[in-house]
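Residue numbers run from 1 in the order of the sequence given.
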Amino acid sequence: MSEQALTCVDDYRHPQGQTASVTGRTWGEKGRTPIVRRTGNRFSVNAMSAISTKGRMHFMVFTETFDANVMCRFLDRLAGHFDHKVHLVLDGHSAHRSRKVRAWLADHPDRIELHFLPSYSPELNPDELVNADLKRSPPIHSRARDQAQLAAEIRRFFHRRQRQPHIIRGYSGGPHVRYILE
């Protein structure tokens with residue numbers, strides 16, 4: 001079984017709701033400020049992704065809190081996509097280092113191996129650029145009005161990026177992340 005050098009993993013939280021900036025346009029009678037009614041509800045969606053230097057991307061969007069259970073579910077899904085051992089580069093999040101994740105790795109020693117980045121070094125993780133790209137990308141449809149719409153919008157972003165391997169490869173092109181290509 002040959003090994004795949006590296007996939008970088010990161011997890012993100014995407015809030016939207018009352019405190020998010022208002023986007024879009026409306027119209028109103030001349031001299032009268034239009035009033036846009038909103039619910040004021042706050043909601044968020046979490047996501048995690050793994051990218052490779054070959055332009056592959058795997059992702060998972062979820063609404064629950066990111067913890068060891070979610071991480072193990074992601075590892076299961078990721079391992080199912082490869083027929084060889086995968087090396088993951090991760091930050092030091094407590095869920096990544098949890099007892100449950102270590103037990104999962106012990107049960108699957110030939111599937112996935114974890115490598116941890118130094119503390120406080122997000123610039124070394126090319127998957128952080130996926131998060132930045134996601135936050136910069138304007139919604140294709142309208143502003144999400146609830147958690148389900150926000151999750152659908154984030155899934156659309158990831159599916160779009162999966163069809164653009166040249167962009168995914170570009171995340172690994174910065175000077176701080178060249179170590180991945182070696």
Side-chain angles (χ1 to χ4, degrees), residues 1-14 44-137 150-174 176-182:
M1 181 183 323
S2 67
E3 295 186 7
Q4 164 86 16
L6 143 87
T7 304
C8 296
V9 176
D10 198 22
D11 48 277
Y12 341 104
R13 181 166 190 266
H14 298 281
S44 65
V45 172
N46 296 310
M48 54 187 315
S49 65
I51 60 172
S52 76
T53 56
K54 299 196 185 302
R56 289 183 69 178
M57 174 185 276
H58 303 275
F59 71 93
M60 185 170 79
V61 177
F62 53 98
T63 56
E64 65 266 31
T65 302
F66 177 65
D67 60 11
N69 293 327
V70 173
M71 183 64 186
C72 288
R73 199 167 76 222
F74 186 70
L75 292 174
D76 276 330
R77 289 175 61 166
L78 195 59
H81 287 283
F82 293 93
D83 59 353
H84 52 268
K85 188 173 192 173
V86 177
H87 293 265
L88 295 179
V89 178
L90 303 116
D91 60 21
H93 192 286
S94 60
H96 300 159
R97 297 178 178 272
S98 70
R99 197 172 294 135
K100 184 167 185 152
V101 169
R102 287 195 309 265
W104 188 97
L105 293 167
D107 291 343
H108 304 86
D110 58 335
R111 305 299 295 148
I112 292 181
E113 185 176 331
L114 302 185
H115 305 276
F116 292 97
L117 292 168
S119 298
Y120 305 105
S121 57
E123 72 280 359
L124 298 178
N125 190 349
D127 207 39
E128 291 285 352
L129 298 175
V130 178
N131 187 22
D133 190 12
L134 173 58
K135 289 185 176 187
R136 276 193 314 266
S137 295
L150 180 59
E153 194 65 44
I154 290 172
R155 280 188 193 92
R156 271 192 289 277
F157 167 83
F158 282 119
H159 285 301
R160 202 168 48 246
R161 282 297 175 264
Q162 282 180 322
R163 293 187 302 272
Q164 299 169 318
H166 62 285
I167 293 177
I168 296 168
R169 282 190 301 272
Y171 295 139
S172 303
H176 293 301
V177 293
R178 295 276 165 129
Y179 72 91
I180 289 173
L181 301 174
E182 297 171 357

For [X] and [Y], which heavy atoms make the closest approach, and how far apart are they?
X	Y	answer
Ser49	Val130	OG-CG1, 4.0 Å
Ser172	Thr53	OG-CG2, 4.1 Å
Ala151	Val61	CB-CG1, 4.1 Å

Pairing residues for Glu123 by the side-chain hydrogen bond (donor to acceptor under 3.5 Å, both in side chains) criterion, not counting sequence neighbours: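 Checked Glu123 against side-chain hydrogen bond (donor to acceptor under 3.5 Å, both in side chains); zero matches.
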Partners passing side-chain hydrogen bond (donor to acceptor under 3.5 Å, both in side chains) against Asp91 (at least two apart in sequence or in another chain):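 Residues passing side-chain hydrogen bond (donor to acceptor under 3.5 Å, both in side chains) with Asp91: His96.
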Taking the side chain as every heavy atom from C-beta outward, state whether [X] and [Y] have any pair of such atoms under 4.5 Å apart.
X	Y	value
Pro122	His176	no
Leu117	Leu90	no
Val89	Leu114	no

Approximate separation, where rounding is to 0.5 Å, of [X] [atom1] and [Y] [atom2]:
X	Y	atom1	atom2	result
Phe116	Ser121	CZ	OG	12.5 Å
Leu88	Ile112	CG	CD1	5.0 Å
Gln164	Met57	CD	CE	9.5 Å
Ser137	Arg160	OG	CZ	6.0 Å
Asp107	Asp110	CG	CG	11.0 Å

Pairing residues for Arg169 by the salt bridge (charged side-chain N to carboxylate O under 4.0 Å, His left out) criterion, not counting sequence neighbours: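 By the salt bridge (charged side-chain N to carboxylate O under 4.0 Å, His left out) rule, Arg169 matches no residue at all.
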With sequence neighbours excluded, what pairs up with [X] under the side chain to side chain contact (heavy atoms under 4.5 Å, CB included) test?
X	result
Asn131	Tyr12, His14, Glu128, Lys135
Leu129	Tyr171
Arg136	Ala132, Asp133
Pro109	none

Check: Ile168 main-chain N/O paired with Arg161 side-chain donor or acceptor under 3.5 Å: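 No; judged by distance alone, with no hydrogens or angles, the pair does not exist.
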Side-chain (Ser98) to main-chain (Val101) donor-acceptor, under 3.5 angstrom: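 Present.
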Partner of Lys85 by side-chain contact (heavy atoms from CB on, under 4.5 Å), out of Arg111, His108, Glu113: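 So the option named by the test is Glu113.
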Evaluation steps, side chain to side chain donor-acceptor pair (under 3.5 Å), between Thr63 and Asn46: CA-CA 6 Å; Thr63 56; Asn46 296 310; over 6 Å; no
Ring geometry between His115 and His87 (parallel below 30°, tilted from 30 to 60°, perpendicular above 60°):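 Parallel, since the angle between the ring planes stays under 30°.
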Side-chain donor/acceptor pairs under 3.5 Å, residues 67-77, sequence neighbours excluded:
residue : atom : partner : partner atom : Å
Asp67   : OD1  : Asn69   : N            : 3.2
Asp67   : OD1  : Val70   : N            : 3.1
Asn69   : OD1  : Lys100  : NZ           : 2.5
Arg73   : NH1  : Glu64   : OE2          : 2.8
Arg73   : NH2  : Glu64   : OE2          : 2.9
Asp76   : OD1  : Trp104  : NE1          : 2.8
Arg77   : NH2  : Phe59   : O            : 3.4

His166: ring pair (Phe, Tyr, Trp, His ring centres under 6.0 Å) partners, not counting sequence neighbours: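 His166: no ring pair (Phe, Tyr, Trp, His ring centres under 6.0 Å) contacts found.
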Set of ring pair (Phe, Tyr, Trp, His ring centres under 6.0 Å) partners for His81, sequence neighbours left out: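 Applying ring pair (Phe, Tyr, Trp, His ring centres under 6.0 Å) to His81 gives His58.
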